[in-house]
Novice: 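Quick one: the structure is below, questions incoming.
To find a chain, count down the sequence lines: A is the first, B the second, and so on, and within it residues start at 1.
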Amino acid sequence: MPKGVLVDITRCFGCRSCQVACKQWNDIPATPTTFSNNWDNPPELNAYNWTRVGYHLIEKDNQTKWRFVKTQCMHCEEPACESACFTHSFVKTKDGPVIYKPTELKQDFCVGCRYCMIACPFNIPKFEWDKALPFLRKCRFCNDRLHEGLEPACVTACPSSALKFGEREELLAEARQRIDANPAYIKQIYGEKEYGGTSWLYLSDVPFEQIGFKTNVSEKPIPLYSWNVLKWTPYIFVGWGAILTALYFYTKRRAEVHGEEMYAALETMEEEKK
Amino acid sequence: MQKAWSFKLTPTRYILIALAVIMLVIVLVRFILGLGVVTNLNDHWPWGLWIGFDLLCGIALAGGGFSTALIVHVLHRGKYLPIARAALLTSMLGYIIALVALLFDIGRWTNFWRPFFYWGYHSVLFEVFWCIALYTMIQVLEFGDIFLERVKSFPLKKVLGYAMTPLIIIGIILPTLHQSSLGQLYVVAVDKLYPLWWSMIMGFFFVWSAFFLGPAMVTLEGTLAARSYKRTPELPVFQSLTKVTLWMLIVYLIVKIIDLVYRGVFSLAFNGSFESNMFLIEMIVFVIVPIIMYAIPTIRTKLWGVVTASALVVVGVIFNRINVVFTGMAAQMGGHYFPSPWEWLVTLGMWSILILGYLFIIENFSILPKEEHAEEVAVSHGASVGKGVPSGV
Amino acid sequence: MTNHFVDYRNADVFLIIGANPAEAHPMAMRSIGMAKGKGAKIIVVDSRFTKTAAKADIYAPLRPGTDITFLYGIMNYAIQNNLYHHEYVVNYTNASYLVSPEYGFADGLFSGLAEKDGKLAYDSKKWDYQKEGENIKKDPTLQHPQCVFQILKKHVSRYDLKTVSQVTGTPEDVLREVCAAYCATGKPGKAGNVIYAMGITQHSYGSQNVRATAMLQLLLGNIGIPGGGVNAQRGKSNVQGCCDMGMLYHLLTGYLKCPDAPKHPTFKDYLKVETPKTSYWSNTPKFLISMLKAWYGEAATQENDFCYDWLPKLNGKDHSHMAIFADMAAEKVKGLFAWGQNPAVGGPQAAAERTALEKLDWMVYIDVFENETAAFWKRPGVNPANIKTEIFMLPAAFSYEKEATVTNSGRWVQFRWKAIEPPGKAKSDLWIADRIFKAIRQEYRAGGKFPAPILNMVWNYDLPGHDEPDLEKVATEVNGYTVADGKVLGTFANLKDDGSTACGVWIYCGYWAIDPKEEDPRLKVPAAQRRSREDKSGLGLYPKWTFSWPLNRRIVYNRCSADPAGRPWNPEKVLMAWDGTKWITNDVPDFKAKDPVTKEPVPPEKTANAPFIMLPEGQGRLFASGMKEGPLPEHYEPVESPVKNLISKQQNNPLAKRWKGEFAKLAETASKEFPYVATTHRLIEHYQTGTETRNSPWLVELMPEMFATISLTLAGRLGIKPGDEVIVSSARGEIKCKANVLPIVKPLRVNGSTIEIVALPWHWGYQGLAQGSIGNDLTPYIGDANTSIPEYKGFLCNIRKA
Ligand SMILES: Nc1nc2c(c(=O)[nH]1)N[C@H]1C(S)=C(S)[C@@H](COP(=O)(O)OP(=O)(O)OC[C@H]3O[C@@H](n4cnc5c(=O)[nH]c(N)nc54)[C@H](O)[C@@H]3O)O[C@H]1N2
Ligand SMILES: Nc1nc2c(c(=O)[nH]1)N[C@H]1C(S)=C(S)[C@@H](COP(=O)(O)OP(=O)(O)OC[C@H]3O[C@@H](n4cnc5c(=O)[nH]c(N)nc54)[C@H](O)[C@@H]3O)O[C@H]1N2
Ligand code: SF4
Ligand code: SF4
Ligand code: SF4
Ligand code: SF4
Ligand code: SF4
Ligand SMILES: [Mo]
């Protein structure tokens, strides 16, 4: 059964243990940072920061709300990155993680074209810009830990149970339960349907768009979009080929018949040739 | 009567060579130290000048090759023949440049050959990659005809001759596919690319624009070449090409409007945002204005008229691609990107090489129907077109 | 903590005041979150909108240093609206006690204040209970004007919500909301949980702040019940253990008073003064004698008063942190062991403390990194050649590189196993202590002043074939054993005052014992090493998860969880219940549930009047005569304050500790030069003076630079933009850092004027990977009257663009 993580933003208190645990487990070095007015360094995801807790201070109606939102790869059910990759370097595993084969399985076909970066609706895959032969980098759902029957490092580190690891279906059921039990929640499980669903799911008590989520997005998986255009390729190839061949012979014949008037230029040359 | 290879070195050409050499050095650094050292590309802007301009625009601009091929070889509109070889040449060079740009741009360049052996057919890029690679090969083969003629290797030329018709037809199918799939690449960018550009039929817009770009490009090139070789531009040819362009532009405009209305985003064009303004410029200046210019005979029949309108069309296509790659993606990608000097220099260097290559080939092969080369030109054209192709194919 | 972290999940309402667990005690947030998930309300009272406040139902901002006023506001509200827990108050507190007619209070001062040797002090006799013979006079109707309840009622009546709001700056409607929400826990069966930490303690009246929290909890019947309590979230992972083990200068182990030469010149004096007739402290002789036996072994005999004379004695003077550094500056202190501390960054007015270090002849520095204190002689701006101090650096193993116990705020003594070997030549602190002691003893063998205590000290921790001392032996000594056979004791009830038992830390007795009744072989280990998740009560007591002192009791004063007749206040969360014939005990009873001799159950009536077994009077103190500055807390302004005291004419705590010379630099009240209130706080990413965390690249990445947080309004007025370099100054000095402009601090309306707050973390210094200004260069040298904790939270400053 595919796994997932339920992120309950109402529970997260921004301790960022998850951020550090991710680096620790995955052996990622620290990146240099400077003062951040928002306190949420490093400022963004990159090849050396696969997860990040963004701080959102919302002041409305004389009320201050501070929400902490962990972001990482969503591990889409039907990942755009996988479909975009023409070397099949990103794959969705049956357990849930979307992994990058060059680093995960040492199957190095990736050419580094970065189309996956364009494709990912959440702007997740990041590039090792500082390397001569860079890899793509992103949260790997601690694939190795999952194989050992462990939770992802970030989930284990989370003190607040803001992160809950489990089977996606069960998490969805639990999320619904939490929403039903507490009117404070926004009645939406982010990731349930977005782009065909994701393995990481979010609950919140403030509207998702106020805390950095892209809302009102397509519920159709992105691979479907490209497939809907790609599926025509063979037909175009054959059809267009047939039309062209037919045209070729038809017009060639006409050219031979009516050559004189219509193809003066050619005529001239033919003559010259003779 | 084989002449020695010749290449005249003028001051401009020295500059071009210098630019090419600079490019090679930068590229070397890029290969050894990585993209981050040389480019301003970043995680927000994984694709920059090289992809946005050299690849996307380069391929589009090289569209002249397949549109003229279609017109000349498939539709057998022989009167366009004088420009066919030139179109083929620029197109081939354009594709080679694009491929080289791609090689520079891909991070794991040592893996560049992998996709040939790994079939990620679910990716639009797979189609782009294969089509471009194959088409470039086909163009090289097509050009081989000219080359073999130049080196007077007639037996080989004959062998090639047999394959010419299928090559030409495939050589039209492939670019049709990949010109469109270059647009389709962005279909995945749903919710990322601004809806004025994003569309499920981006493929159509790309291939269609690449197609009408062809004649415009040929007109421009022809004029420029004629100028520099002090010949009279083939105005009649250009003029009759305008009809093709005109109707295609009109269709483009209509389909665009229908698409926008159908998707319910037409009003976005007038919301005053940066994107909407860029879109309006793209449509008015580079689509509607050329339509008007082409439609008015007094303008169309003047050399300045055709050339200006064609220039607008050419710039318009570039403008469109830039809008897709940069303007339309900016809001969703965040961050900043402006090409580094090095990126500019590499682009300049590549285009310098293209120009140098073009000049070299023009001066050593029979490409332009130049008076002084009339004989060879005739021979070659005779061989490659119509009569040259065994009718049994 | 009266309760413990896991127990938080039983709370109905939290009053988190002056603590920011989301940053400083993240694991506590887990339990707070669990309670919240079950519907608990969270109230956060803090000068900043903290990450904890982000999880709160009600956030109440308050001006630093006005917590007593705030808490009294709630108490007054509870009394005025009859929301206090009447039955609890009557039975379990000293509310009914009559206080001496000499007790008085006027103009912010209590009766009995007098100057002695140039120092102000109260004569606390004036606050005694009225007695009839041995018995305290009481009025269970609580109506007698001299009874504690009436005195309290009158005392807090001055703190009506309007006044409170004017002093604290907390909007009145928010105050009212807080009062209503928290006083709801005054109902029987409801648990209100006060969590506090340094926001409460680090004031010149910090102890009185703490008192106020305890009084509120007594008034609402929240002590001794699951989910309730006064919960001090303590600092270092083992700071609780340190205090338990006698690391404070004025205490021996297990909170036995440190002998004071003027007060207890002889053993008999000590026992006489420090042994009350009632309460568990009546066993003091057993605890002290067992400790002396543990220390001096065979040398300690009945005849020689168990070597009481060998104990070092206080000289009646303050020897807390600030006093030591003042003495150092005065060249009275010549040598220093800086052992796991970093005063160069963490001490008040740290720049002056760094200068004081220069006066040392020698310093032994024992730490895991070379911190600012270690490097004081080469700090920026000094010339090492001018500093004569000889420095010895001994590298210590970090907590994961050695084994031993740590005791958390909830009194859980947890054994930790070593995870990795220490790097290089680093050694465990135990090893270092062992070698230093042996070297010193070696010196004394050749003679010296008063060598007996050193030469006779029990020091038998060698483990043949091992470099490390035998932890088992140390633990056994701490735990206690019978002298005759060395058997580990299971409970301090078995300690004797005849020298037949030895026990290093009486409250730890049993922590190293193996439960003889235990059947699970995995749990047949010393109590502190147990790890069982068994929790039959469902209250999260986990009785077999390590050991909780005292006696593995998880919630102290647990007699209070049931009414006098033994019926639990909350039948769903039962700690103790009398079923008619015996007690049902989910926790270890903190009262006489069974007669120790007959083993018969003791009926509830017998314990109904003495649930607080550590107090001589047996009942919780709403009125406490042991406090230095009065039996009841009273609002005073921080020593540096932007306003005059609105409550009384007495501006400051008259007994606050002050120092002279360099250490007396203070801004005047309502200073024009330093118009803003500064307070200091922690960040989750950094630990204390940052020695450990600023050497961890991953943490530096998260929080790289020192900053000062100001409100949007102040930033706007001063033209300061986020990230600008600013200079923050106080009467002690100035520092440069980045400006943090966030609406987590906001100006407060205090008595009609607007008070801006500047919030400073204090985690940076000149060593480590990430360096930055030292926040403590600004803090004042002012101490609490009872504990001498510095007034780190609430002083005056200014801020300008650099
Ligand atoms: N990450 C991390 N954790 C730590 C530490 C650390 O340095 N870093 N240190 C450990 C230690 S030793 C300790 S003692 C604890 C301390 O733990 P806490 O006391 O919780 O930490 P602080 O941030 O010092 O202070 C708590 C809060 O008091 C607020 N405050 C300031 N002035 C006042 C005031 O006058 N009244 C009220 N009500 N609130 C005020 C501050 O804004 C702050 O949010 O943390 C321990 N845990
Ligand atoms: N302005 C302001 N100042 C404050 C406070 C505040 O809230 N505001 N809080 C105060 C409080 S509550 C506290 S507790 C103090 C803390 O002040 P300090 O105790 O002086 O500061 P720490 O950084 O905890 O220093 C501990 C040192 O012990 C070292 N160490 C760690 N583990 C070990 C070990 O196993 N063995 C040995 N030998 N050394 C080890 C560390 O590297 C570090 O150098 O600061 C106080 N200062
Ligand atoms: S979030 Fe992006 S990178 Fe992650 S699985 Fe989805 S498409 Fe791929
Ligand atoms: S960069 Fe690598 S993983 Fe991404 S699309 Fe290209 S080949 Fe695939
Ligand atoms: S799942 Fe693993 S890789 Fe992904 S964010 Fe968590 S710790 Fe990092
Ligand atoms: S570890 Fe948990 S509580 Fe902490 S920031 Fe991450 S998600 Fe939030
Ligand atoms: S003691 Fe350790 S585990 Fe507990 S909250 Fe502090 S850092 Fe976390
Ligand atoms: Mo502390």
Side-chain angles (χ1 to χ4, degrees), chain A residues 44-47 80 82-88 102 108-115 117-119 121 123 126-135 214 217-218 222-223 225-230 233 236-237 240-241 244-245 247-248 251-252 254-255 262-267 269-270 272-273, chain B residues 31-36 41-44 46-47 70 73-79 81-82 105-112 114-115 118 120 122-127 129 165 169-170 172-173 176-177 184-185 187-192 200 203 332-333 374-375 377-379 381-382 385-387:
Chain A
E44 53 194 20
L45 294 182
N46 60 38
E82 176 181 36
S83 79
C85 179
F86 68 141
T87 63
H88 213 245
D108 181 11
F109 301 140
C110 169
V111 298
C113 68
R114 312 183 294 284
Y115 183 41
M117 299 172 76
I118 299 283
N123 293 338
K126 304 292 174 194
F127 202 55
E128 293 175 331
W129 295 103
D130 53 345
K131 298 262 169 79
L133 289 175
F135 285 120
K214 244 174 35 167
V217 301
S218 164
I222 287 184
Y225 284 90
S226 23
W227 186 244
N228 277 341
V229 292
L230 270 177
T233 303
I236 293 174
F237 191 91
W240 187 219
L244 285 176
T245 318
L247 274 176
Y248 177 86
T251 53
K252 185 177 168 204
R254 270 214 334 198
M262 290 184 69
Y263 303 112
L266 184 67
E267 220 70 357
M269 286 174 205
E270 297 285 312
E272 267 176 293
K273 191 192 151 200
Chain B
F31 278 134
I32 295 167
L33 295 180
L35 281 165
L41 293 172
N42 55 59
D43 286 324
H44 297 281
W47 286 358
L70 179 69
H73 299 318
V74 175
L75 301 179
H76 289 104
R77 305 268 160 159
K79 67 173 162 188
L81 209 55
D105 194 80
I106 60 174
R108 305 186 63 73
W109 54 276
T110 47
N111 269 351
F112 77 92
R114 294 279 194 183
Y118 201 95
H122 39 60
S123 169
V124 180
L125 199 56
F126 170 76
E127 188 173 315
F129 176 80
T165 304
I169 289 177
I170 294 177
I172 293 166
I173 302 172
T176 313
L177 286 175
Q184 286 166 355
L185 275 182
V187 164
V188 292
V190 56
D191 298 334
K192 282 173 102 175
M200 280 303 282
Q332 283 295 321
M333 301 303 273
E375 200 183 3
V377 170
V379 169
H381 281 277
V385 185
K387 303 261 159 44

Novice: Please classify the contact between B:Q184 and chain A as side chain, backbone, both or neither, with a heavy-atom cut-off of under 4.5 Å.
Specialist: both
Novice: Considering only heavy atoms and a distance below 4.5 Å, find which of A:P102, A:A84, A:C110 pairs most often with chain B.
Specialist: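 Of the candidates given, the most pairs with chain B belong to A:C110.
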Novice: Rounded to the nearest 0.5 Å, how far does CD1 of A:I118 lie from CE of B:M333?
Specialist: 4.5 Å
Novice: Measure distances from A:P134 to the heavy atoms of chain B and classify the residue's part below 4.5 Å as side chain, backbone, both or neither.
Specialist: both
Novice: Give a yes or no on whether the backbone of B:V124 and the side-chain of A:Y115 come within a donor-acceptor separation of less than 3.5 Å.
Specialist: no
Novice: Taking the side chain as C-beta and beyond, is there a heavy-atom pair between B:D191 and A:K214 under 4.5 Å?
Specialist: yes
Novice: Please state whether the side chain, the backbone, both or neither of B:I172 comes within less than 4.5 Å of a heavy atom of chain A.
Specialist: both
Novice: Rounded to the nearest 0.5 Å, how far does OG1 of A:T233 lie from CD of B:E127?
Specialist: 3.5 Å
Novice: Of the listed residues (B:P115, B:S123, B:G203), which shares the most heavy-atom pairs with chain A below a 4.5 Å separation?
Specialist: B:S123
Novice: By a 4.5 Å heavy-atom criterion (distance strictly below it), what part of A:A80 contacts chain B: side chain, backbone, both, or neither?
Specialist: neither
Novice: Do A:W240 and B:L177 touch side chain to side chain, with heavy atoms closer than 4.5 Å?
Specialist: no
Novice: Distance-only, no hydrogens or angles: does the A:W129 side chain make a donor-acceptor pair with backbone N or O of B:G34 under 3.5 Å?
Specialist: no
Novice: Would you give the length of the straight line joining atom CG of B:L35 to atom CZ of A:F127, rounded to the nearest 0.5 angstrom?
Specialist: 5.5 Å
Novice: Count the heavy atoms of every other residue, nucleotide or ligand shown that sit under 6.0 Å from CZ of B:F31, and state whether that count exceeds 12.
Specialist: yes
Novice: What part of A:E128 is in contact with chain B, defined as an atom under 4.5 angstrom from a non-hydrogen atom: side chain, backbone, both or neither?
Specialist: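 Contact with chain B is absent: no heavy atom of A:E128 under 4.5 Å.
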Novice: Heavy-atom distances under 4.5 Å only: say whether A:K126 touches chain B with side chain, backbone, both or neither.
Specialist: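 Interface part for A:K126: both.
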Novice: Look at B:G36, B:A189, B:G107 and state which one has the largest set of heavy-atom pairs under 4.5 Å with chain A.
Specialist: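 The answer is B:G107.
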Novice: For A:D108, which residues count as a salt bridge (charged side-chain N to carboxylate O under 4.0 Å, His left out) partner, sequence neighbours excluded?
Specialist: B:R108
Novice: Which atoms form the tightest heavy-atom contact between A:G241 and B:I173, and what is the distance?
Specialist: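 Answer, listing the atom of A:G241 first, then B:I173: CA-CD1, 3.2 Å.
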Novice: Under a 4.5 Å cutoff for heavy-atom pairs, which residue among A:I236, A:N123, A:L45 has the most contacts with chain B?
Specialist: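 Going by pairs under 4.5 Å, I would pick A:N123.
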Novice: B:F129 versus chain A, heavy atoms under 4.5 Å apart: side chain, backbone, both or neither?
Specialist: side chain
Novice: Carefully, step by step, assess A:E44 and B:D43 under the rule side-chain contact (heavy atoms from CB on, under 4.5 Å).
Specialist: CA-CA 10 Å; A:E44 53 194 20; B:D43 286 324; 5.7 Å; no
Novice: Hey, what do you get for CG (A:L244) to CD1 (B:I169), rounding to the nearest 0.5 Å?
Specialist: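 Separation between the atoms: 6.5 Å.
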Novice: Taking C-beta and beyond as the side chain, do B:T110 and A:L133 meet within less than 4.5 Å on heavy atoms?
Specialist: yes
Novice: Please flag which part of A:C113 lies under 4.5 Å from any non-hydrogen atom of chain B: side chain, backbone, both or neither.
Specialist: both
Novice: So what's closer than 4.5 Å to chain B heavy atoms on A:N46: side chain, backbone, both or neither?
Specialist: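 When you check distances to chain B, atoms from both the backbone and side chain of A:N46 fall under 4.5 Å.
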Novice: How long is the gap from NE2 on B:H122 to CG on A:L230, to the nearest 0.5 Å?
Specialist: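 B:H122 NE2 to A:L230 CG: 10.0 Å, rounded to 0.5 Å.
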Novice: Among A:N228, A:D130, A:L247, single out the residue with the greatest number of heavy-atom pairs under 4.5 Å to chain B.
Specialist: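 Answer, by heavy-atom pair count under 4.5 Å with chain B: A:L247.
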Novice: What's the spacing between A:R114 CZ and B:L125 CG if we round to 0.5 Å?
Specialist: 11.0 Å
